[in-house]
There are 2 protein chains.
Amino acid sequence: MNDVTRPSGTRAIARDAVRARISEVAVELFDEQGFDSVTIEQIAAAVGVSPRSVHRYFPAKEDTVIGDPAGWGEHVRDQLVARPSEEPIWEALLASYEALLAAPGRNQAQGKKAMRVLGSAPALRARNFEKHLLWASMLTPVVAERLEGDHRELRAETIVQASLACFDIALTAWAEADAADSAVDLLRRSFGALQPTT
Amino acid sequence: MNDVTRPSGTRAIARDAVRARISEVAVELFDEQGFDSVTIEQIAAAVGVSPRSVHRYFPAKEDTVIGDPAGWGEHVRDQLVARPSEEPIWEALLASYEALLAAPGRNQAQGKKAMRVLGSAPALRARNFEKHLLWASMLTPVVAERLEGDHRELRAETIVQASLACFDIALTAWAEADAADSAVDLLRRSFGALQPTT
DNA sequence: GCCATAAGTGGCAGAGACTGACAGAACGGG
DNA sequence: CCCGTTCTGTCAGTCTCTGCCACTTATGGC
C-alpha cells in the first residue's frame, strides 16, 4: 500500500506518518466522544500540531476517517479490468471487491473501528457516499464495455451502483456484527441477493 | 402565487408559503451562481426575511433543495405496504416509486431544476444520500417481512438500497437528459437491469 | 371587543469549520 | 556552510449554524 514516493526524502516519509497519525487519533477520539463533539482543535492538540496543519492534511473533518478514495478506487478498477471477459459481470465485480478486502494495508481492527465510526454520524456516511460516486465514475465505463444490448450506459450505472451498495452494506454489517461473519462472507451474501438481468 | 393571508389559520398557511418561497428562491439562486457561492444572507435578502428565519425553516443550507425527506419516505412506504403480498418485491418497489413520481405537488419543471442543482454540488449529493438512508430504514422492515429463507435482513437491506440506487440514477438521468425520456421510463429501465434472486 | 397566551420574527453573540496570506523554522542539495 | 524549497504556525477573515432575548402578531377564552 505504501507507494513510497520516488523522490527520495525524509519529508515525504514524515508527511505520510503525520497524516496517518492524525487519522488514527481522530478516529480514536470520534469513537470515544462522537464525531460532532470532537473539534479540530482537540485533534490538533492530541497530535501535537496546529489546527491549521490538520486542515492542510485533510480538507474536511470527514476526510480524517474516509481516507484516500481515489487510490482504492483505482485498485478496484484495475482488478475489474484484469478479470476474464467471459466472466459474468456480477462475479467479476464481486471478485474485484474481494481483492480489495484482501489487499495489504487494511488493518482489520483499525478498519473495523473506522467503519464503526463511519456509521455513527450521518455526515460521515454521506461523505462516504461521495467516495462511492467517485468509484462509480471509474467503474461504469469498464462495465458498460462488457454489456450488450440497449441502454448500456444506464444499465452499467445501475449495476455498478448496486454493487457499491452491496459493498457498503457488507462492510457496515461486518463492523456492527460481533465478528461472527467475515467481511468476505457478508459481501458474497449481499451480492447473492441480486442478479443483473442478461 | 402570492397568497393573501386573510382567512383563518393564517399562521399555518403563511408558514407553508414562506417555506416554499425560500426553497424556490434558493434553487433559483443556486442554479444561477452555484451552490457554494450563494450565502444564506443572499437568500434571506431575496425572499425578504432575516437570515435567522431561513435557518429556522431549514436547519441546513442543503435542505432548501432536498425538501422534506421524511414525508415522501412515508409516502413510498405506505405505497409499498399497500401492494398485494403476492406481487414480486421488485415490482412492488417499482410501483411504489412510480406512485411517488406521479404524486401531486411534484412540479415537473421545478423538480427538474432542483434535480439539476442537486447534482451540481457534492454537499447536496451527500445530503441527498442521507435522505436515501432514511428511506432505507423505513422500507427495509417492510421488505424483510416479504422475504423468505435465510439472511432476510441483509437481503432486504441490499434490495432496498439497490432500488434506491435505481431511483436516484433514473432521476439524475432524467434531469440531465434533453427531455427525451420520461422519468418513469428511465425508472423502469433502471429497474429492469437488476433482479432480486429468489 | 379585550386581553392573556402562544407562535413567529429579528437582532445579537458566539462556536466551529474552513481559507488565504505571511513570516519563520526545518530540511535537502550543492 | 549556505541557499532555496518545503513545511508549519499565527493571524485575520468568511460562512454556516445555534442559543438567547426582546418584540410583534395571530389565536382563543371571556
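Convention: sequence-line order gives letters A, B, ...; per-chain numbering from 1.
The distance from atom NZ of B/Lys131 to atom CG of B/Asp63, rounded to the nearest 0.5 Å, is 11.0 Å. One distance of note links CG of B/Leu164 with CG of B/Asn128; it measures 10.0 Å at 0.5 Å rounding.
Atom NZ in A/Lys61 sits roughly 12 Å away from atom C1' in C/dA15 (whole-Å rounding). For the pair B/Asp36 CG and D/dT16 C1', the computed distance is 12 Å after rounding to whole Å. Atom CZ in A/Phe58 sits about 21 Å away from atom P in C/dG16, given to the nearest Å. When rounded to the nearest whole Å, the span between CZ of A/Arg56 and P of D/dT6 equals 14 Å. Computed from coordinates, the A/Arg19 CZ to D/dC7 C1' distance equals 15 Å when rounded to whole Å. Between the CZ atom of A/Arg15 and the C1' atom of C/dC27 there is a distance of 14 Å, rounded to whole Å. Taking atom CG of B/Asp16 as the reference point, atom C1' of C/dG8 lies 14 Å away to the nearest angstrom. Atom-to-atom, CD of A/Glu62 to P of C/dG16 comes out at 16 Å; the value is rounded to the nearest Å.
Nearest to the side chain of B/Ala60, among C/dG10, D/dC7, D/dC17, sits D/dC17. Here C/dC18 is the nucleotide among C/dG8, D/dT8, C/dC18 with the atom lying nearest to any side-chain atom of A/His55.
Between B/Arg116 and B/Glu176, none of the side-chain N atoms (NZ, or NE/NH1/NH2) sits under 4.0 Å from a carboxylate O, so this pair counts as no salt bridge. Under 4.0 Å is where a charged nitrogen must lie from a carboxylate oxygen, and between B/Glu145 and B/Arg152 no such pair does. A/Glu28 and A/Lys113 are joined by a salt bridge, as a carboxylate oxygen and a charged side-chain nitrogen come within less than 4.0 angstrom of each other. Under 4.0 Å is where a charged nitrogen must lie from a carboxylate oxygen, and between A/Arg155 and A/Asp150 no such pair does.
No side-chain donor-acceptor contact under 3.5 Å links A/Ser53 to the backbone of A/Val49. In this structure, the side chain of B/Ser23 does not engage the main chain of B/Ala20 through any donor-acceptor pair within 3.5 Å. A distance-only check finds no donor-acceptor pair linking the side chain of B/Ser190 to the backbone of B/Leu187 [under 3.5 Å].
If you check every strand for non-hydrogen atoms under 4.0 Å, B/Val54 touches nothing. B/Val38 comes within contact range of the sugar-phosphate backbone alone, with a heavy-atom separation under 4.0 Å but no base atom that close. Using a 4.0 Å heavy-atom criterion, one finds that B/Tyr57 contacts the sugar-phosphate atoms exclusively.
Contacts with DNA chain C (heavy atom under 4.0 Å) in residues 20-34 of chain A: none are found. Residues of residues 114-134 of chain A that place a heavy atom closer than 4.0 Å to DNA chain D do not occur. In the region residues 40-52 of chain A, proximity to DNA chain D at under 4.0 angstrom, judged on heavy atoms, holds for A/Val49, A/Ser50, A/Arg52.
Each end of the helix from C/dG1-D/dC30 to C/dG30-D/dC1 gets its own rotation axis from five pairs of C1' atoms, and the angle between them is 20° to the nearest 10 degrees.
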Would you be so kind as to tabulate the donor-acceptor pairs closer than 3.5 Å made by side chains of residues 191-198 of chain A, with sequence neighbours excluded?
| unit_1 | atom_1 | unit_2 | atom_2 | d |
| --- | --- | --- | --- | --- |
| A/Thr197 | OG1 | B/Gly192 | O | 2.7 |

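Judged as a side-chain hydrogen bond (donor to acceptor under 3.5 Å, both in side chains), and not counting sequence neighbours, A/His55 has no contacts.
A donor-acceptor contact under 3.5 Å is not formed by the side chain of B/Arg11 with the base of D/dT27.
Using a 30° and 60° split on the angle between ring planes, B/Trp135 and B/Phe167 fall in the tilted class, from 30° to 60°.
For A/Glu41, the CD atom sits in a loose shell: 12 or fewer heavy atoms of surrounding residues, nucleotides or ligands are nearer than 6.0 Å. In A/Glu32, the CD atom is crowded: over 12 heavy atoms of neighbouring residues, nucleotides or ligands sit closer than 6.0 Å.
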